[in-house]
Peer 1: 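Sending over a structure as C-alpha cells; questions will come in a sec.
So that the names make sense, note that chain A is the first sequence line, chain B the second, and so on, each numbered from 1. Note that the coordinates shown come from a computational prediction; the quantities given were computed from them, not determined experimentally.
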Number of protein chains: 4
Amino acid sequence: MSAAPVTERGRRTRDRLLEAARAVFEERGFLETRVSDIAERANVAIGTFYTYFDSKDAIFVALVDAFIAALYEQSHVGEVAGPDPRQRIRTSNARFVEAFRRHGNLYGVIVQAASFNDEVRRRRLASRSVFIERATRGLRQLQAQGVADPTLDADVTAALLCGMVENFVERSHDLGLPFDDEAAVDAMTEIWARAIGLAP
Amino acid sequence: MSAAPVTERGRRTRDRLLEAARAVFEERGFLETRVSDIAERANVAIGTFYTYFDSKDAIFVALVDAFIAALYEQSHVGEVAGPDPRQRIRTSNARFVEAFRRHGNLYGVIVQAASFNDEVRRRRLASRSVFIERATRGLRQLQAQGVADPTLDADVTAALLCGMVENFVERSHDLGLPFDDEAAVDAMTEIWARAIGLAP
Amino acid sequence: MSAAPVTERGRRTRDRLLEAARAVFEERGFLETRVSDIAERANVAIGTFYTYFDSKDAIFVALVDAFIAALYEQSHVGEVAGPDPRQRIRTSNARFVEAFRRHGNLYGVIVQAASFNDEVRRRRLASRSVFIERATRGLRQLQAQGVADPTLDADVTAALLCGMVENFVERSHDLGLPFDDEAAVDAMTEIWARAIGLAP
Amino acid sequence: MSAAPVTERGRRTRDRLLEAARAVFEERGFLETRVSDIAERANVAIGTFYTYFDSKDAIFVALVDAFIAALYEQSHVGEVAGPDPRQRIRTSNARFVEAFRRHGNLYGVIVQAASFNDEVRRRRLASRSVFIERATRGLRQLQAQGVADPTLDADVTAALLCGMVENFVERSHDLGLPFDDEAAVDAMTEIWARAIGLAP
DNA sequence: AATGAATGAGAATTCATTCAT
DNA sequence: GATGAATGAATTCTCATTCAT
C-alpha cells in the first residue's frame, strides 16, 4: 500500500512524518501515541499518513531500524581508540553509553513495543546479537594475542559483559536520575578488564 | 470499591481470581488480557471480579507484590551457603536464576506493564534496589574482611554486577532458548569474583 | 417482598434506613445515590436494606410521602393567622417558604426524580394540587365575603399565584444564594393581594 | 477530540446529528437516550457521533444553547406590540407561552438534565436571568413614565412575575393536559397588570 | 433479622484504518 | 499527492437486586 515517494515533495512529507512520529512516540510512548497525533504534528491529514506508511506499527519499525543503524555506527570504535586494549574497551563502553544518552527516549519506547510486537522484538534482539558478536570477536583477538585469559568461554563472557552495559543504560534511563556516566564507564571498564584477565 | 473479603468464602473467591489472573497474564500478556478472561477462568461473573479488585491494573499490582516477595525470599542465601565467599556468590546467583526460571513468564509481563504503568515500574525498580543493596552490603563485608579489593566503589560495582545477572535472566527469557544455566552461573560467578578482586 | 417490621429492633433498623436514605439522597441526589451508600450509612448490610424496602425507588417514595405530609402540615394556617385576609395570605406564604428552607435539599431531589419516575411525579403534582385547592377555596371565600374581586376565575388565579410562590422557592434553592425571605414574602403577598383586588 | 467540520459534507452530518439528538432526547428523555440511538437516527456510525461531539452531555449542551437563543428571539416583543403597556405585557406573555408550546418537550428534558448536570443548570439559570432582566427594565420604564407604581421593588417584582409565567409553562407541560392558553395568558396578564399598579 | 457474596445486563468511548473527493 | 469524514469492533466498569447462610 504505502509507496516510496517519487517526488521531492513526497520525500519531504515522508520525512516530516518520520520526525513527527519520533517526537510523539518519545513523548507519549507507543501505546498512547495516536496516528492522528503524528499526522497533526507533521501538519498533514490523517489520510496522508497512510500514503507513506501502512500502519502505526510500520512507521515505528522504520524508526527502530534507523535507530539501530545509528546506534551501531556511533558506538563503533574501529581505529579511533588506539591499540591499548583497556583503552579500546573503555572507548567502546563510553560511546555506547553516550549513544544511549542521545537516543534513550526512543529506546524506552522500543523496549515497550518489543514487549508486544514480535517484529520489534526480533530487531531488538538481533541488534543486541550484533553488539555481542563484535565484543566476542574483540575478546577472541585478545585471547589470541595472549593478553586475555584464554580459558574463558568468549561467547558467554562477552554476552554477560555486554548485558551488564546494556542493563546500566536501560535502568539509568528508567530511573531518570542524573548519573555520573564517567564514573560508571570507569567502573564497568574495570570490571570488564578484570573479568577477561587483562593485566592491570 | 474493592473490599477485603470478610468471609472464608470470599477469601477463596479472591484467591481463585488471583490465581486465574496469574495464569491468564502469563498466557496472553498484560495488554491482551481482558478482565472477562480472568473472571471466566476463575468461574465467577465479571461483577465478582470488581467485588475484590478495582481494575485490571489493581489485580496485576497485587500479583507483582506477591511475585517480588517470593523472589526476594527464594533468592536469599543467608546461612545456607557456607562461609566461602565465591561459593556464596555462586549460590546467590544460582538461586536468582532459578527463581526466574520458575516465574519468568510473569516477569516478562511485569516488564511489559512497567513500560506504561507507573505503579508497576516503581515496584520493579524498588525491588531491584533491594537486591542491589543486599549485594552492596555483601561486598562491603568482604572488603572489610580484606578478601575483596577495598579500593572499589561498592555501590557502583554491586549495581553493575547485579545488572549483569538481571540482564541475563531477562534476555534469556526473551530469547526463549534452552540456556545452560549451570555454565552461565559459573561464568557470571567467575566475572563477579574477578571483578571484586577475590583471590582465585 | 418488604415487610412492616414486627419487632422493636426491626422498627429501629427501618428508621435508621430512612434517615440514612434522606441524608444520602440530599447529599448526592437520586441518581448518584447507591443502595450500598444507604446501607453503609445506616450501618447495616445491603441485604438488610431489602428486608425493609423493595427497591431504591420504594424507599425514595416513602421519603417523598413523609416530606409532602410534613410540608402540608407545616404550611397550614388554620386559625393561627387571625381574620385579616392580607395577614392570612402573608402567613401562609411565609410558612410555605420557611418549610422549603427546612426541606429544600430533599425537594431538589424530588424534582430530579420526578423527571424520570412516574410515581414521584404523580405525587409531586398531586401535592401541588392540594395546595392550589386550598388557595382556591380561600379565594372563593374572600370573593363570597365581597373582599376579593368576584369576577376573577378563582381556579386559574389561585394556580398562577401558587405557581409564583412555588417557583420562588424552587429557583432560590437552585441558585443557592442567601435570599431575603422577608422581603420576598412581602413582595409576593403584595402581588397576591393586588391580584385578587384586595383593598389596600 | 470533537472538531468543527471543515467541509460542507461534515457540516451536514453534524446538523443531522443535532436534529436526531433533539428528536431522541424529546422522545426518551436525557437518561434513556443512548448515543447509539442518536447515531442510528442520524444514519451514521457511532464513531461519527464522536467526530463531532465529545459526549452525550456535549451534544445536549449544544442543543440547550440553540434552544435558549431561539426562545429569547421568539419571545421578544420589541416594536411589535404597540405602545399600550397592558398590550405589551400580554403579547410578551403570549409569545413566551407559545414558544414553550413549540419547544416544551425539549424544555422538560433540560429541566431533567439541569438536575444533575451543572453546565445545563448554569445555562438554564442564566437564561432565566436574561428574561427577568428584560422584564425588570420594562417595569422600570413604566415606573419612570408614571404608569406603574413607583414604590415597587422592580427587581423582586419582575422576578416573581416571571416566575409565575415560568411555573405555568413548566407545570402545564408536566401535566400534559390541554390547557386553555388564551385564558391563562389573560389571567397572568391581569395579575401582572394589577401587581404593578397599572390603571385598568 | 441480618449478612455480604454473587450476578450480569448494559452503555460510553476509542482510534486504527478506509475511501470518496 | 493530499484531504478529512466515516467506520464499528472491542472492552471496561457499575450497581440494583438476589439468595444461600
Peer 1: With a 4.0 Å cutoff (strictly under), does any side-chain N or O of B/Thr13 reach OP1 or OP2 of E/dA6?
Peer 2: yes
Peer 1: I'd like to know if C/Asp37 pairs up with C/Arg41 as an ion pair, taking the criterion as any Lys NZ or Arg NE/NH1/NH2 lying under 4.0 Å from an Asp or Glu carboxylate oxygen.
Peer 2: no
Peer 1: Check every atom of E/dA6, F/dT7, F/dA2 against the side chain of A/Thr48 and return the nucleotide holding the closest atom.
Peer 2: F/dA2
Peer 1: Would you kindly give the CD-to-P distance between B/Glu40 and E/dA6, to the nearest whole Å?
Peer 2: 17 Å
Peer 1: Which part of the nucleic acid, if any, lies within contact of B/Tyr52, taking any heavy atom under 4.0 Å across all strands shown: a base, the sugar-phosphate backbone alone, or nothing?
Peer 2: sugar-phosphate
Peer 1: Within this structure, what is the CG-to-C1' distance between B/Asp37 and F/dC13, rounded to whole angstrom?
Peer 2: 15 Å
Peer 1: With nearest nucleotide decided by heavy atoms, which residue, D/Ser36 or B/Ala4, maps closer to the 5′ end of DNA chain E?
Peer 2: B/Ala4
Peer 1: May I have the distance from A/Asp57 (atom CG) to E/dC15 (atom C1'), rounded to whole angstrom?
Peer 2: 14 Å
Peer 1: Send over the distance from B/Arg34 CZ to E/dG8 C1', rounded to a whole Å.
Peer 2: 17 Å
Peer 1: Is any side-chain N of the basic residue among B/Glu40 and B/Arg16 closer than 4.0 Å to the acidic one's carboxylate O?
Peer 2: no
Peer 1: To the side chain of A/Lys56, which of E/dA2, E/dA16, F/dC13 is closest?
Peer 2: E/dA16
Peer 1: Specify the separation, in whole Å, of atom CZ of A/Phe60 and atom C1' of E/dA16.
Peer 2: 17 Å
Peer 1: Start at the 5' end of DNA chain F and walk down; is the nucleotide closest to A/Arg9 or to C/Ser55 reached first?
Peer 2: A/Arg9
Peer 1: Could you pick out which residue, B/Arg16 or D/Ile46, lies toward the 5' side of DNA chain E when each is mapped onto its nearest nucleotide?
Peer 2: B/Arg16
Peer 1: Report yes if the side chains of C/Phe49 and C/Ile59 come closer than 4.5 Å at any heavy-atom pair, otherwise no.
Peer 2: yes
Peer 1: Please state how far atom CZ in D/Arg12 lies from atom C1' in F/dA6, giving the value in whole angstrom units.
Peer 2: 14 Å
Peer 1: Tell me: CD1 of C/Ile59 to C1' of F/dT17, nearest whole Å?
Peer 2: 15 Å
Peer 1: Assess whether a salt bridge exists between C/Arg121 and D/Asp174, defined as any Lys/Arg side-chain N lying under 4.0 Å from an Asp/Glu carboxylate O.
Peer 2: no
Peer 1: Return whichever of C/Val35 or A/Gly10 has its heavy-atom-nearest nucleotide of DNA chain F closer to the 5' end.
Peer 2: A/Gly10
Peer 1: Below the 4.0 Å mark, does F/dG1 have OP1 or OP2 next to a side-chain nitrogen or oxygen of A/Thr51?
Peer 2: no
Peer 1: In terms of side-chain heavy atoms of D/Tyr50, which of E/dA6, F/dT17, E/dT13 is nearest?
Peer 2: E/dT13
Peer 1: Should we say atom CD of A/Glu27 is surrounded by more than 12 heavy atoms from elsewhere, each under 6.0 Å from it?
Peer 2: yes
Peer 1: Compare the minimum distances between each of E/dT3, F/dG1, E/dA5 and the side chain of B/Thr7, then state the nucleotide with the smallest one.
Peer 2: E/dA5
Peer 1: For B/Phe49 and F/dT14, give me the distance from atom CZ to atom P, rounded to whole Å.
Peer 2: 11 Å
Peer 1: With a 3.5 Å limit on both atom pairs, tell me what F/dA20 is paired to, counting Watson-Crick and G-U wobble, or say none.
Peer 2: E/dT3
